[in-house]
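Here the structure is laid out as structure tokens; the discussion comes afterwards.
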Amino acid sequence: MKAENRASNRALKVVASSPRGVERPAREALTAWLMVVLAAVIFAGGLFGYDQGVISSALPGITRTFSLSLFMTQVVTSYVTLGALVGSFIGGALSDLIGRKRAMLVAGLLFVLGAAMQWSAPGALILVVGRFVVGVGVGVAAVAAPLYAAELAPATLRGRFISSYQLAITIGIFLAYLVNAQLARAELSTNPAWRTMLGAAAVPGVIMVLIALIAPESPRWLMMRGRRAAAERVALDVQPGIDVDARLEAIEASLLADRNAGSWRELFSAQWRRPLLVAVGLAVFQQITGINAIIYYANQIFEAAGFTTEASRAAVTAWAIGGVNVVSTLIAIAFIDHIGRRMLLLAGLIGMGASLIVAGAAFQWIAGAAHAGASNGPTAAGIVTVFALVVFIISFAFSLGPVVWTVINEVFPARVRGRGVALATAVNWGSAYVVSQFFLSLVHAIGSSLTFWLFAAFCVVGWIWIYRAVPETKRQSLEQIQDMWSRSSR
Ligand code: BGC
């Protein structure tokens with residue numbers, strides 16, 4: 001608790017010494033403290049993104065250093081996702097056991113440890129363990145950080161705090177691609193530049209540890225632990241001038257409601273079957289339509305498309321995939337509450353499906369040109385591939401990217417929300433794991449064109465299913481959504 005007080009006092013001191021003076025401590029202290037909360041969410045998402053994006057350009061070097069088989073190449077890629085699956089299961093329990101702040105601290109330490117293991121890996125095994133350790137950090141942070149943000153952010157900012165997590169993932173991916181492009185330009189690729197790429201994640205990892213150390217603990221968790229006086233102090237430190245009794249009473253009431261929360265059995269009961277299907281279905285379709293095949297394997301895809309130098313591949317990956325993803329996500333977050341969820345999902349899937357069909361056709365063309373002996377440098381087909389993948393990323397980033405997470409968090413009634421969201425999240429990571437573990441094998445077995453067309457087929461199936469099964473939830477209160485399920489199950 002002393003640390004928590006120190007943290008909040010520090011936040012106040014920052015404010016007191018600000019040019020605007022001490023006259024408005026309530027608002028300024030809130031701002032300084034909110035930045036810490038936001039920073040925690042951003043670093044948690046950003047580190048996930050970085051560890052996802054970095055592998056794309058690091059893979060060729062790793063494969064060379066350790067002479068990896070196709071199977072092992074996929075293991076190195078996918079184990080972050082598998083670790084995240086495990087971490088998300090641990091994350092909820094850990095956040096309850098040791099607190100949200102310390103859970104984020106653990107996640108930060110895992111990021112640093114995993115990065116160090118990857119950087120120094122003498123062989124593929126340690127590298128894979130390092131990837132897995134980072135993944136567990138990702139999973140723990142992915143549960144603890146949004147939970148922390150949701151418990152500490154003022155209600156008016158809660159939505160934006162949570163969606164900044166998605167934005168941070170895309171920024172992390174982009175930064176990783178930029179680091180890769182820089183290293184490729186510096187022609188470090190003969191020296192194992194991949195070690196620097198993977199090890200660099202230790203820097204934001206250390207910053208995350210520092211943020212977690214200075215962050216105040218969540219008053220809600222302190223109340224869960226029966227530490228009312230401590231909760232009162234933190235709540236007042238964080239938002240000086242609030243009606244602290246009312247705040248703590250509200251927390252008490254919701255803790256009481258949680259105590260009566262539904263069981264796993266209730267989540268699977270006929271009554272909640274529809275929201276469960278909607279959440280899990282969306283989680284699966286977000287992944288099996290191919291986003292992470294492109295995020296992880298962009299480098300290989302562009303190599304096949306005729307980008308022969310490491311530097312050209314790294315640059316096109318950074319800007320066409322990474323940069324476009326960030327900008328489109330920003331736009332989507334601004335519009336998500338104005339345009340309906342269904343509309344965005346259905347429109348996005350059309351763009352994704354169409355671009356995958358074009359990418360598949362371009363690869364047929366590339367194969368034909370290779371047979372004819374034409375190659376060297378990005379061909380016309382290569383340019384078409386880049387264009388198709390840009391359209392794919394834009395379509396994903398304004399639809400399935402942010403909308404799926406929004407819907408997953410709003411379809412469940414409060415009684416089963418915690419468990420429902422956890423299950424859908426785990427299913428999402430499970431599906432991401434399957435795609436990243438088997439993408440290259442699939443390309444090897446049936447070729448790039450058919451693989452892209454398979455993803456396109458999933459877009460068609462997803463479109464039909466969403467059209468029939470996913471209701472519009474825009475502008476409805478969580479209670480109205482709950483009523484809708486109750487009516488439809490009668
Ligand atoms: C997905 C991730 C994906 C990211 C790309 C997220 O919504 O869950 O799997 O890598 O979007 O921006």
Side-chain angles (χ1 to χ4, degrees), residues 81 84-85 88-89 142 162-163 166 169 262 264-295 332 336 339-353 356 392 395-439 454-474 476 478 480-489:
T81 320
L85 181 62
S88 64
F89 279 121
I162 297 174
S163 50
Q166 168 71 16
I169 295 178
W264 282 104
R265 217 172 136 158
E266 178 172 351
L267 176 66
F268 289 106
S269 70
Q271 193 186 10
W272 307 128
R273 192 155 296 150
R274 277 200 65 202
L276 184 64
L277 271 178
V278 165
V280 169
L282 286 176
V284 171
F285 278 112
Q286 190 198 49
Q287 295 299 328
I288 63 170
T289 43
I291 180 66
N292 283 323
I294 290 160
I295 299 280
I336 191 162
I339 308 176
R341 277 78 162 133
R342 257 171 77 83
M343 173 78 156
L344 283 174
L345 289 171
L346 293 172
L349 276 170
I350 292 176
M352 287 164 66
L356 286 166
F392 176 87
S395 309
F396 175 87
F398 79 72
S399 64
L400 268 75
V403 177
V404 165
W405 291 117
T406 308
V407 176
I408 285 176
N409 278 285
E410 67 190 6
V411 280
F412 292 106
R415 292 175 55 75
V416 292
R417 188 171 302 136
R419 288 182 166 86
V421 171
L423 182 71
T425 306
V427 167
N428 184 270
W429 270 321
S431 315
Y433 167 69
V434 171
V435 172
S436 49
Q437 179 62 55
F438 297 108
F439 174 71
L454 181 67
F455 289 143
F458 285 136
C459 289
V460 174
V461 179
W463 196 96
I464 297 171
W465 175 74
I466 287 170
Y467 184 80
R468 298 176 54 159
V470 178
E472 183 55 77
T473 43
K474 171 187 77 162
Q476 291 195 43
L478 296 182
Q480 285 169 325
I481 296 175
Q482 186 168 341
D483 277 356
M484 177 176 69
W485 303 129
S486 306
R487 275 199 310 276
S488 65
S489 70

Please report the interatomic distance [atom1]([X]) to [atom2]([Y]), rounded to the nearest 0.5 Å.
X: Leu344; Y: Ser395; atom1: CG; atom2: OG; answer: 11.5 Å
X: Leu267; Y: Arg273; atom1: CG; atom2: CZ; answer: 11.0 Å
X: Gln437; Y: Thr81; atom1: CD; atom2: OG1; answer: 9.5 Å
X: Trp429; Y: Asn292; atom1: CH2; atom2: CG; answer: 11.5 Å
X: Ile350; Y: Cys459; atom1: CD1; atom2: SG; answer: 10.5 Å
X: Leu356; Y: Thr289; atom1: CG; atom2: OG1; answer: 8.0 Å

Ionic contact status for Glu266 with Arg419, cut-off 4.0 Å: no
Side-chain heavy atoms of [X] within contact of [Y], under 4.5 Å:
X: Phe396; Y: Ile294; value: no
X: Ile291; Y: Gln287; value: yes
X: Leu276; Y: Leu423; value: yes
X: Leu282; Y: Trp465; value: yes
X: Val404; Y: Phe285; value: no

Can you name the nearest heavy-atom pair linking [X] to [Y], along with the distance?
X: Ala279; Y: Val411; value: CB-CG2, 4.1 Å
X: Phe439; Y: Ala293; value: CD1-CB, 3.5 Å
X: Val421; Y: Thr425; value: O-OG1, 2.6 Å
X: Ser399; Y: Leu345; value: CB-CA, 4.1 Å
X: Gly353; Y: Ala456; value: O-CB, 3.9 Å
X: Trp405; Y: Gln286; value: NE1-NE2, 3.5 Å

Flag, side chain of Arg342 to backbone of Pro471, donor-acceptor distance under 3.5 Å: no
Under 3.5 Å: donor-acceptor pair, side chain of Arg468, backbone of Trp463: no
Audit row: Val403, Phe398, side chain to side chain contact (heavy atoms under 4.5 Å, CB included) steps and yes/no: CA-CA 8 Å; Val403 177; Phe398 79 72; over 6 Å; no
Neighbour count >12 (heavy atoms, 6.0 Å) for atom OH, Tyr467: no
Stepwise salt bridge (charged side-chain N to carboxylate O under 4.0 Å, His left out) test for Glu410 and Arg341: CA-CA 11 Å; Glu410 67 190 6; Arg341 277 78 162 133; 2.9 Å; yes
Phe412 and Trp272: CA distance, side-chain angles, deciding distance, ring-ring contact (aromatic ring centres under 6.0 Å, His included) verdict: CA-CA 8 Å; Phe412 292 106; Trp272 307 128; 9.0 Å; no
